[in-house]
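Inspection log for the structure reproduced underneath, given as structure tokens.
In listed order, ligands and their atoms are each counted from 1.
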Amino acid sequence: MAEPASALFNTYARFPITLVKGDGTRLYDDTGKEYLDFMSGLAVTSLGHAPQVVKERLVAQLDELWHCSNLFHNPNQEKLAKLLTENSGADAVFFCNSGAEANEAAIKLARRYHSKVLESGRYEIITFHQSFHGRTLATLTATGQDKVKDGYDPLPTGFVHAPFNDSKALEGYINDKTCAIMLEMVQAEGGVIEADPAFVQEIARLCEKHSLLLIVDEVQTGMGRTGKLFAHQHYGIEPDIFTLAKALASGFPMGAMLGKEKLKAAFQPGTHASTFGGTPIASAAAVATVETMLEQDIPARAAELGDYLIAELTAKLAGNPYVKAIRGKGLILGIECTGPVSADVTAIHQKGLLVVSAGPNVIRLLPSLVITKEDIDQAITIIAGVLAEHKAVVSRG
Ligand SMILES: *Cc1c(COP(=O)(O)O)cnc(C)c1O
């Protein structure tokens, strides 16, 4: 069937599905077909679709005040900042509307701290191959993948890319202009690749030795996804700066940049701002989200279900020659195949399970953190069934 004419820019290769309703772990399309959601709007709806507590707080806030300028006090924002700092090593928060904006704020803060507080003249940030940090000019320059940069020259200067998980090579990328190292604890878009603990320790050591800021992009890995509230908490490190967005407000657009006490001196009124950052509505949704995650210990649930998911996947896909590796942390998992997975993703969708790829050969699983073991069993049956087709082809060939 021909696609109807669209008045939208063609920036997405959209799946041929129109979703019209979401409820918990399930989504429904415009024909009434039900899907089990193992994608979560890309790690956004971690409490499931339309979680009751968040919905109630949002509706209550809609009756009071939708928007107020950041030139006024905002109690919801204060409350959210307290919740986030009390549950991390950070001391201060800046609210914005997306992951790219949160990383943009992190880059600005790192540069400004070195320029105004340390007066070091350093501005260069080391990021890693296969990383993903966003689509603004600065964050796509920070991203260690050429495909996002094509056609956007001239790009801002001040970023260099080092090989990920290569402890030996890293120090060679540090020079007298370096101000920070920025990384994801699990490279998500890059194919679900975990940072090695030894590599993270080396980064922390080099940051200490060379007075560099350690920036962790937790836009996808934050908010319980990996089995801790923030993924860096698995590694026993405290970043100087870390960023959040996707799951922060259960699907209401919101980003946050969090930093240590010493960094507060770098920002004064007028040095950074956002019209919509942390509106009363967005902050209400985020407060409800964070409180629910803490009260119900959702990160621990993600850890436990993640162990179950990876063990069951490993068992059920064992012996399939198309499957090269199964990896992940908590409820961000990748099934790396020996060839392209786009046809498999489509077939999995047709069987009623929503998944997404991460690069050409990896099927990425990002269920909500409130799925059940039954949901996991159902998902694995579908995935194993679709990937078994390759086994048949391989053994026939
Ligand atoms: C999604 C993502 C971003 C960009 O977030 P947007 O809200 O799309 O701007 C940045 N970093 C990581 C790790 C992400 O997964």
Side-chain angles (χ1 to χ4, degrees), residues 9 11-14 39-46 94-110 125-145 147-149 152 159 161 164 180-195 200 214-226 228-232 234 239 241-258 274 276-279 282 285-286 289 328-334 355-359 362 364-367 369:
F9 274 114
T11 48
Y12 304 98
R14 293 180 200 271
M39 190 170 155
S40 305
L42 270 178
V44 169
T45 53
S46 287
F94 175 85
F95 290 111
C96 50
N97 313 287
S98 69
E101 269 182 81
N103 288 335
E104 192 81 30
I107 292 162
K108 287 179 72 175
L109 179 60
I125 300 179
I126 298 173
T127 65
F128 294 97
H129 298 161
Q130 293 101 45
S131 60
F132 182 81
H133 298 298
R135 300 286 192 162
T136 61
L137 278 173
T139 58
L140 75 81
T141 308
T143 294
Q145 304 186 44
K147 64 180 184 197
V148 305
K149 308 184 191 201
Y152 296 123
F159 297 92
H161 307 303
F164 193 57
I181 298 177
M182 174 165 165
L183 80 158
E184 299 155 86
M185 306 314 297
V186 180
Q187 291 190 327
E189 302 302 311
V192 190
I193 303 163
E194 272 180 69
V200 175
L214 173 52
I215 306 173
V216 178
D217 178 345
E218 295 256 14
V219 167
Q220 189 153 164
T221 55
M223 309 307 297
R225 172 63 53 190
T226 67
K228 300 243 186 227
L229 189 57
F230 307 116
H232 66 260
H234 289 285
I241 301 173
F242 69 96
T243 54
L244 298 173
K246 291 189 163 84
L248 179 56
S250 289
F252 208 90
M254 182 171 227
M257 189 269 299
L258 299 91
S274 165
F276 291 118
T279 63
T289 302
K329 214 175 187 69
L331 287 172
I332 174 166
L333 280 97
V355 297
V356 67
S357 58
V362 178
R364 183 171 24 162
L365 307 183
L366 294 162
L369 312 184

**OP:** State, yes or no, whether a side-chain contact exists between I332 and V192 at a heavy-atom distance under 4.5 Å.
**Re:** yes
Subject >> Approximate separation, where rounding is to 0.5 Å, of T243 OG1 and L109 CG >> reply: 12.0 Å
Original post:
Is E184 reaching over with its side chain to a backbone N or O of S131, donor-acceptor style, under 3.5 angstrom?
Top reply: no
Original post:
Only one of R364, Q130, Q145, H133 forms a side chain to side chain donor-acceptor pair (under 3.5 Å) with E189, so which one is it?
Top reply: R364
Subject >> Under 4.0 Å from ligand 1, counting heavy atoms only: the protein residues, by chain and number >> reply: S98, G99, A100, N103, F132, H133, G134, E184, D217, V219, Q220, K246
Original post:
Taking atom types as modelled and ignoring hydrogens, do the side chains of T226 and T221 form a donor-acceptor contact shorter than 3.5 angstrom?
Top reply: no
Subject >> C96 side chain near M257 side chain, heavy-atom distance below 4.5 Å >> reply: no
